[in-house]
Structures are given as structure tokens and as C-alpha cells.
Amino acid sequence: YVDNNLAEDQKEIQISDVDFPATTYMNHDATADVLVQSSYDTNAIAVLYAEGVRFSTQAVKLQKGYNVLNIELPTGATGRYDYRVAITADGDYSTSNNTYDFSQSVVADLKVLLVSNSDEDLTRAREIYGSKAEITAFIRDPDVPCTVEELCLYDEIVISNCDVRELHNYTAFIDSVEKVVSRFGKSLVTVGDLKIQNKTDEILT
């Protein structure tokens, strides 16, 4: 490891981590942020392999310490793809930790859950998301999905101009929304007044 067991005359680089979206949408921009540690200033070559085939090659200049490389990922077709990032540099005495494997899913349609009291919100949502989104709308319907399993079916949850306390099982709904956003990477968008700003309810807080 670069930070704890190198002699001063040894040169070493390593990939410490890769940050990437586990799921993205077809033809949307997606990148992998590759964290590279280096014990010296050097030129390096970073290569991205997609399904075992070289997809891109990038010449980079590494500085001693931490470096972040941004590598574009292909999103032209749907499916689950296995990637490998590999990095090489002149003088690197060991090839350990020079590769990192990860997988990403590319999906065609964005699945959106809209909870609102307004038909206009549904019209606006269709305009914003376009034809590639599948929108399930609960307009003035308090019987919304409230379990983690149900909410995980959606990529984005939009709550617009409605009093969340009027939803059936609203405490379970809020708790499940928190879980799918924080643990499963779903998106939450809130619009307008959700009637919670002056409440002391711990769940709403």
C-alpha cells in the first residue's frame, strides 16, 4: 500500500476506489471517478475495459498523493455491464492494486412515482421527463405505495404540493422513502408546500 509500507526509494501507484452510479439511463452521460494514489509524480495510462474489451485509453499525469481520474462510461445500449479500470506507470515497482472491477446497469426508461394534489403537476412532469420516463401518478389519491419493496421499483420519487400527513400510512411512507434514498440510491424531489415546516412530529422532521 502506498501509505504505509513503501521504502523511500520505491515508486508505487494504486487504485484505491472507484465512484460510479450503479444504475444509469440509456444515452445519459455517466462517468467513473477513479481515485488513484501515487508515491511520486509520474505519467500514467488508464484503460477502461467493457465486457473484457478495451473501450478507452487515457494518458494522465499523476501527482504524488491522491488523484481523481474521470472516465466516461458507455450508455448507448441497455443491459448490465462489467467494467475493469487498469492503470500503469513507468517506475511502478508492483502491479498490485492497479486494477478495479465494477458493474453498472443501463436502463431504458426512468420510472417515476408522482404524489400530488394537482393534475397540472402530472402534465408538467410529462413535459419535464419526456417520453423516456414511465410516470406512475397518485393525484389526490392517499393510497400511495409505502413499503421499501414497492418504492424500490421507482428511480425517482416526486412529492409535489400535498400534505404528506394525509397519505395513508404516511409514517411508513416517509420511513421507506428515507431508506430507498439513503441505502438504494433512489432520487427524491419535493416541490411546493408539503405542510411540514411548522410541525414537531418526529417522523416528519
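These numbers come from a predicted model, not from an experiment. We use all heavy atoms of the structure for the numbers below, so side chains are in, but hydrogens, waters and symmetry mates are not.
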**Student:** Taking the side chain as every heavy atom from C-beta outward, state whether D163 and N117 have any atom pair closer than 4.5 Å.
**Tutor:**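 A side-chain contact under 4.5 Å is absent here.
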**Student:** Please list all pairs meeting salt bridge (charged side-chain N to carboxylate O under 4.0 Å, His left out) that have one or both residues in residues 15-32, counting only residues at least two apart or in different chains.
**Tutor:**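 For residues 15-32: none.
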**Student:** Check salt bridge (Lys or Arg N to Asp or Glu O under 4.0 Å) between K179 and all other residues, then give those that pass, not counting sequence neighbours.
**Tutor:** D175
**Student:** Using 0.5 Å steps for rounding, measure from the CG atom of L113 to the CG atom of L188.
**Tutor:** 10.0 Å
**Student:** Using the test side chain to side chain donor-acceptor pair (under 3.5 Å), find all partners of R84 that sit at least two apart in sequence or belong to another chain.
**Tutor:**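 If we apply the side chain to side chain donor-acceptor pair (under 3.5 Å) test to R84, skipping adjacent residues, the hits are D101.
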**Student:** So N43 and D90, do their side chains get closer than 4.5 Å, heavy atoms only?
**Tutor:**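 A side-chain contact is absent here, since even the closest heavy-atom pair is not under 4.5 Å.
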**Student:** Quick test of your reading: applying side chain to side chain donor-acceptor pair (under 3.5 Å), list the pairs with at least one residue in residues 134-145, sequence neighbours left out, ordered by first then second residue.
**Tutor:** K111-E134, D119-R140
**Student:** Check whether any side-chain heavy atom of L73 lies under 4.5 Å from a side-chain heavy atom of L48, and answer yes or no.
**Tutor:**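 Answer yes - side chains close enough.
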**Student:** Are more than 12 heavy atoms, taken from residues, nucleotides or ligands other than E120, located less than 6.0 Å from that residue's CD atom?
**Tutor:** no
**Student:** List the residues meeting side chain to side chain donor-acceptor pair (under 3.5 Å) with D41, not counting sequence neighbours, and say none if there are none.
**Tutor:** none
**Student:** Is the CD atom of E150 crowded by more than 12 outside heavy atoms at less than 6.0 Å?
**Tutor:**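 Yes - once you tally the heavy atoms of other residues, nucleotides and ligands closer than 6.0 Å, there are more than 12.
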**Student:** Could I get the full list of side chain to side chain donor-acceptor pair (under 3.5 Å) partners for T123, not counting sequence neighbours?
**Tutor:**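 With neighbours one apart ignored, the set is empty.
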**Student:** Please tell me if the side chains of F173 and I159 come closer than 4.5 Å, counting only heavy atoms from C-beta onward.
**Tutor:**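 Yes - at least one pair of side-chain heavy atoms lies under 4.5 Å apart.
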**Student:** Looking only at non-hydrogen atoms, find the nearest pair between V112 and A133 and report the distance.
**Tutor:** CG2-CB, 4.5 Å
**Student:** Does anything in residues 71-83 form a side chain to side chain donor-acceptor pair (under 3.5 Å)? List the pairs, not counting sequence neighbours.
**Tutor:**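 Output for this query lists R80-S105, D82-S103.
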**Student:** So P21 and Q104, do their side chains get closer than 4.5 Å, heavy atoms only?
**Tutor:** yes
**Student:** Please round to the nearest 0.5 Å and tell me the distance separating atom CZ of R165 and atom SG of C162.
**Tutor:** 11.0 Å
**Student:** Output the distance between atom CG (L62) and atom CD1 (I13), rounded to the nearest 0.5 Å.
**Tutor:**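 It is 6.0 Å, given to the nearest 0.5 Å.
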**Student:** For Y40 and S38, run side-chain contact (heavy atoms from CB on, under 4.5 Å): C-alpha distance rounded to whole Å, both residues' side-chain angles, the deciding distance at 0.1 Å, then the answer.
**Tutor:** CA-CA 5 Å; Y40 63 113; S38 179; 3.9 Å; yes
**Student:** Report whether Y100 and V47 are members of the same hydrophobic cluster (ILVMFWY, side-chain heavy atoms less than 4.5 Å apart, transitive linking).
**Tutor:** no
**Student:** How far apart are the C-alpha atoms of I87 and L69, what are their side-chain angles, what is the distance that settles it, and do they pass the side-chain contact (heavy atoms from CB on, under 4.5 Å) test?
**Tutor:** CA-CA 11 Å; I87 191 163; L69 314 180; 3.9 Å; yes
**Student:** Which residues end up grouped with V53 if you chain together Ile, Leu, Val, Met, Phe, Trp and Tyr wherever their side-chain heavy atoms are less than 4.5 Å apart?
**Tutor:**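 Result for V53 is none, singleton.
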**Student:** Give the minimum heavy-atom separation between A32 and V18, together with the two atoms involved.
**Tutor:** CB-CG1, 3.9 Å
**Student:** Suppose we screen for salt bridge (Lys or Arg N to Asp or Glu O under 4.0 Å). Which residues come up paired with D92, at least two apart in sequence or across chains?
**Tutor:**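 Scan of D92 (salt bridge (Lys or Arg N to Asp or Glu O under 4.0 Å), adjacent residues dropped) gives none.
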**Student:** According to side chain to side chain donor-acceptor pair (under 3.5 Å), who are the partners of D33, at least two apart in sequence or on a separate chain?
**Tutor:**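 In terms of side chain to side chain donor-acceptor pair (under 3.5 Å), with neighbours along the sequence ignored, D33 is linked to N70.
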**Student:** Are L167 and V148 joined in one hydrophobic group, where the rule is that I, L, V, M, F, W and Y side chains link up if heavy atoms are under 4.5 Å apart?
**Tutor:**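 Same cluster.
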**Student:** For residues L122 and S116, determine if any side-chain heavy atom of one lies less than 4.5 Å from a side-chain heavy atom of the other.
**Tutor:**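 No. Closest side-chain heavy atoms not under 4.5 Å.
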**Student:** Is a side-chain donor or acceptor of N67 paired with a backbone partner of G65 at a separation under 3.5 angstrom?
**Tutor:**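 Yes; judged by distance alone, with no hydrogens or angles, the pair exists.
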**Student:** Do the non-hydrogen side-chain atoms of V68 and L35 ever get within less than 4.5 Å of each other?
**Tutor:**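 They are in side-chain contact.
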**Student:** If I take atom OG1 from residue T99 and atom CD from residue Q14, how far apart are they, to the nearest 0.5 angstrom?
**Tutor:** 11.5 Å
**Student:** If only side-chain N and O atoms count, and only distance matters, is there a donor-acceptor pair under 3.5 Å linking S118 with N161?
**Tutor:** no
**Student:** Quick one: do L114 and I139 satisfy side-chain contact (heavy atoms from CB on, under 4.5 Å)? Show the steps, please.
**Tutor:** CA-CA 8 Å; L114 172 64; I139 307 297; 4.2 Å; yes
**Student:** Taking a hydrophobic cluster as the set of Ile, Leu, Val, Met, Phe, Trp and Tyr residues connected by side-chain heavy atoms closer than 4.5 Å, whether directly or through intermediates, do V181 and V164 fall within one such cluster?
**Tutor:** yes
**Student:** Test of understanding: with salt bridge (Lys or Arg N to Asp or Glu O under 4.0 Å), list the residues that count as partners of E166, not counting sequence neighbours.
**Tutor:**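 For E166, no residue satisfies salt bridge (Lys or Arg N to Asp or Glu O under 4.0 Å) once neighbours in sequence are set aside.
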**Student:** Side chains of V60 and V36: does their closest heavy-atom pair fall under 4.5 Å?
**Tutor:** no
**Student:** Could you tell me which non-hydrogen atom of I15 sits nearest to which non-hydrogen atom of V85, and how far apart they are?
**Tutor:**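 Closest approach of I15 to V85, heavy atoms only: CD1-O, 3.6 Å.
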**Student:** If only atom types and distance count, is the side chain of S39 paired as donor or acceptor with the main-chain N or O of E12 below 3.5 Å?
**Tutor:** yes
**Student:** Can you measure from NZ (K186) to OG (S176) and round to the nearest 0.5 angstrom?
**Tutor:** 13.5 Å
**Student:** Atom CG of D121 and atom OG of S160: how far apart are they, to the nearest 0.5 Å?
**Tutor:**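 Those atoms lie 3.5 Å apart.
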**Student:** Once ring-ring contact (aromatic ring centres under 6.0 Å, His included) is applied, do any residues pair with F20, and if so which ones, sequence neighbours excluded?
**Tutor:** F102
